[in-house]
Amino acid sequence: MRKTLIAGNWKMNAGPTEAKVLADEMVAKWEGKEFSQEALICPPFVSLPFVVKSFRDTFFKAGAQNVYTENNGAYTGEISVSMLKELTCEYVILGHSERREYFNETDDFIAKKVRKVLNEGMKPILCVGEKFDQRQQGDQKAVVQKQLSNILSLVNESHAENFVVAYEPVWAIGTGETATPEQAQEMHQFIRSFISNKWSDEAADKVRILYGGSMKPANAEELLSQNDVDGGLIGGASLKADSFSEIMSIAEKLSKN
Ligand code: 13P
């Protein structure tokens, strides 16, 4: 059984002071309570050590929003996998649509990062998803297939358990628009069957596929109930302890059904 992953992407929000307060609030909400699934928060790099500290001795995990392909050296402004491991991070978000759009990240570059992260024993959360006009044209599956294709050739299926995909339709990010549960399930199922064709059924069965795009307490239950939706990558609603915890509670409840 795949464990549900409820992941927060804080994007460029919450500097060290605010991040610490918010992380402490989340921990306080779950004080004395059990969470059998996985909860992850990915703050900005400068806030990461503070969030790691707040989460120490709790089930909450802290992860990163990006990483570079080299271990160290003259790469001004970059952060390496070993640096993240030193902070005890397990997860790193890669290929987010905002990085593709504003920082010109290509499928090739993202594939190299995914390979590096997996080879170093960390877990990438690879973001894929179509833009509004691409969906209008009915191209959503072709777009996502192209985003996944290189990576699945570069990476060995033995990494399946550590490989996480986030389907994030760009038109649903930060817009309040959400994919319907049926649209999400259709894309998640497509992604899993594409992985199964490239790798194998057993490997595809181990890969977790998260949904991202305006997930909030009001729509989380129907999205997370879908067969191939194994969690959420949550932006706006992860910046409030209340709403993030509520989504976690929904995941916990569904895991008991
Ligand atoms: P929102 O939840 O704010 O739509 O953001 C989704 C996202 O981009 C998570 O990576």
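Start at 1 and go down the list; that is how both ligands and their atoms are numbered.
- Only the backbone of Ala172 comes within 4.0 Å of ligand 1, counting heavy atoms alone; no side-chain atom from C-beta on gets that close.
- Distance alone, capped at 3.5 Å, is enough to place a donor-acceptor pair between the Asn219 side chain and the Ser214 backbone.
- Looking only at heavy atoms of the protein, atom 2 (O) of ligand 1 is closest to Gly235 N, 2.9 Å.
- Contact atoms of ligand 1 toward Glu168: 6 (C), 7 (C), 8 (O), 9 (C), 10 (O) (distance under 4.0 Å to a heavy atom of the residue).
- Every atom of ligand 1 with a heavy atom of Gly174 under 4.0 Å away is listed here by number and element: 1 (P), 3 (O), 4 (O).
- Considering only heavy atoms from C-beta on, Leu84 comes within 4.5 Å of Leu48 through its side chain.
- At under 3.5 Å, not a single nitrogen or oxygen of Glu98, backbone or side chain, sits near a nitrogen or oxygen of ligand 1.
- With rounding to the nearest 0.5 Å, the separation of CZ in Phe194 from CD in Gln147 is 11.0 Å.
- The only member of Asp205, Asp201, Asp228 that meets salt bridge (Lys or Arg N to Asp or Glu O under 4.0 Å) when paired with Arg192 is Asp228.
- Using a 4.0 Å cut-off between charged side-chain N and carboxylate O, Glu38 and Lys3 make no salt bridge.
- Interface of Gly213 with ligand 1, defined as ligand atoms under 4.0 Å from a residue heavy atom, comprises 4 (O), 6 (C).
- In Asn9, the part holding a heavy atom less than 4.0 Å from any atom of ligand 1 is the side chain.
- Heavy atoms of Ala237 come nearer than 4.0 angstrom to ligand 1 in no pair at all.
- Using a cut-off of 4.0 Å between Lys/Arg side-chain N and Asp/Glu carboxylate O, Glu252 and Lys256 are scored as salt-bridged.
- Put simply, no part of Lys216 is less than 4.0 Å from ligand 1, judged by heavy atoms.
- By the 30° and 60° cut-offs, the orientation of the rings of Tyr167 relative to His188 is perpendicular.
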Evaluation steps, side-chain hydrogen bond (donor to acceptor under 3.5 Å, both in side chains), between Asn150 and Lys112: CA-CA 9 Å; Asn150 278 2; Lys112 286 185 186 127; over 6 Å; no

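- At a 3.5 angstrom cut-off on N or O pairs, Gly236 counts as close to ligand 1.
- Geometrically, ligand 1 and Ser214 share a nitrogen or oxygen pair separated by less than 3.5 Å.
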